[in-house]
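First up is the structure itself, then whatever we jot down about it.
Every heavy atom of this structure was used, including side-chain atoms; hydrogens, water molecules and symmetry mates were not.
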Amino acid sequence: MNIKWNSTVRHTLMIMFSIVMVYPLIWWVGASLKSNAELGSPGIFPSVPKWSNYTDGWHAIPGRTFTDFYLNTFGLEAMVLIATLFSTTLVAFGFARLDFPLKNLWFSILMMTLMMPSQVLIIPQYAMFHQLGWVNTYLPFVVPHLVASGAGGSFFVFLLIQFIRGIPKDLDESAKIDGCSWFGIFWRVVLPLTQPAIVTIMIFCFLWNWDDFLGHLLYLNSVDKYTVGLALRMINDAQSAQEWGQLLAMSLVSILPATIVFTFLQRYFVEGIATTGIKG
């Protein structure tokens, strides 16, 4: 009887807590269907849903639609993901499997960069990219990731190092006997086994770059290169009378890609976090 009672209390508390956590999202959905006059009403959902907030919001910026901004954002995300995976996997394999001069020193420097706030690098990075003529291009977002120094680069390398160290070195020796070079071992043996960690990195990289409003605001000046985050800011400037329903509708649509990515890949995400650092 006590076990059933404890289970009932526990599940009741969990349901109440879940409702509290989900309520802002439910209010957000309801507010995106309201007119300006109804936003102050006490009800969550409007009496007559204003679905035109989504269609009008999609075309709220003169001469552009959110289709253009989504294409820009997905294109940038693809380039950043490819650059991140290319650099972090190679660097992590080198630290985890190869011996080279000053290896421990370089690894210590890598760990130190994890503790460095990204805000302290904003001004020197902007000055450098401005001198290189990279402002108003996507190069400031892509090139740093090619050398594993972009947002989260050090963390991704560290995550992969710990994962690769959990792969038995006997597999490397077997591959060497079969005539594999170090790159062959990396490409044919280690890389396929790091799939959970790689998916984890892809999720983190996608989410962090999708939410990187400050970086996009600093380096992108032309509307034809704007991402979704900058387009949301433009809605405030594009209309003399602010339609909050349209802004809420577009902001709700803007989180869908990140939500979908995490929902479908969360199994790999949990597996990658859970198995990282387990020694083989």
Side-chain angles (χ1 to χ4, degrees), residues 1-51 53-54 57 77 81 111 114-115 117-119 151-152 154-167 193-214 228-229 232 244-280:
M1 184 65 181
N2 290 334
I3 295 177
K4 287 186 175 181
W5 174 253
N6 292 336
S7 177
T8 302
V9 172
R10 183 167 61 252
H11 282 85
T12 302
L13 292 175
M14 291 175 63
I15 292 172
M16 292 174 61
F17 182 74
S18 299
I19 293 174
V20 172
M21 296 297 294
V22 174
Y23 175 78
L25 181 60
I26 297 175
W27 180 92
W28 190 359
V29 174
S32 69
L33 298 173
K34 292 182 178 181
S35 62
N36 284 353
E38 288 184 291
L39 276 176
S41 61
I44 297 178
F45 292 98
S47 55
V48 179
K50 190 178 179 182
W51 296 104
N53 282 342
Y54 287 86
E77 287 280 358
L81 278 174
M111 292 297 96
L114 285 173
M115 297 177 283
S118 60
Q119 290 79 5
S154 300
F155 170 71
F156 298 152
V157 171
F158 176 72
L159 183 70
L160 277 169
I161 289 173
Q162 297 302 105
F163 197 96
I164 294 173
R165 284 175 176 173
I167 299 175
L193 295 176
T194 59
Q195 179 182 349
I198 289 176
V199 174
T200 301
I201 290 173
M202 290 174 63
I203 294 174
F204 275 126
C205 186
F206 183 90
L207 296 180
W208 289 347
N209 286 281
W210 189 271
D211 295 335
D212 185 20
F213 175 78
L214 179 60
V228 172
L232 289 174
W244 293 105
Q246 295 180 17
L247 179 59
L248 290 169
M250 289 301 97
S251 60
L252 183 62
V253 172
S254 71
I255 69 169
L256 289 180
T259 304
I260 292 171
V261 167
F262 183 79
T263 300
F264 283 96
L265 299 180
Q266 63 177 331
R267 178 172 64 88
Y268 297 99
F269 172 76
V270 173
E271 182 181 351
I273 293 297
T275 55
T276 297
I278 298 178
K279 298 293 187 293

- prompt: So which heavy atom on Met202 is nearest to which on Leu81, and how close?
  reply: O-CD2, 3.7 Å

- prompt: Between atom OH of Tyr54 and atom CG of Leu252, what is the distance when rounded to the nearest 0.5 Å?
  reply: 4.5 Å

message: Rounded at 0.5 Å granularity, tell me how far CD1 in Ile198 sits from SG in Cys205.
response: 12.5 Å

Closest non-hydrogen atom pair between Gly43 and Lys34, with its separation: O-NZ, 2.6 Å

Which atom of Ala31 lies closest to which atom of Leu248, heavy atoms considered: CB-CD1, 3.5 Å

- prompt: Can you check whether Trp210 reaches Ile255 side chain to side chain, under 4.5 Å on heavy atoms?
  reply: no

- prompt: Once you round to the nearest 0.5 Å, how far does CG of Leu207 lie from OG1 of Thr259?
  reply: 8.5 Å

statement: Output for pair (Leu114 CG, Phe155 CZ), nearest 0.5 Å, gives 8.5 Å

- request: Can you see which heavy atom on Val228 is nearest to which on Ser254, and at what distance?
  value: CG1-CB, 3.6 Å

field: For Pro49 against Ser47, the heavy-atom pair lying closest together
entry: CD-O, 3.9 Å

- prompt: Side-chain contact, heavy-atom cut-off 4.5 Å: Thr194 with Ile167?
  reply: yes

message: Would you call the rings of Phe204 and Trp208 parallel, tilted or perpendicular, taking 30° and 60° as the class edges?
response: tilted

- request: State the NZ-CG distance between Lys50 and Leu33, to the nearest 0.5 angstrom.
  value: 11.0 Å

For Gly30 against Phe45, the heavy-atom pair lying closest together: CA-CD2, 3.7 Å

message: In the structure I gave you, are the side-chain heavy atoms of Phe163 and Ile201 within less than 4.5 Å of one another anywhere?
response: no

query: Say you draw a straight line from CG of Leu13 to CZ of Arg10; how long is it, rounded to the nearest 0.5 Å?
result: 9.5 Å

message: Is there a side-chain contact between Asn53 and Ser32 in this structure, where contact means two heavy atoms from C-beta onward sitting under 4.5 Å apart?
response: no

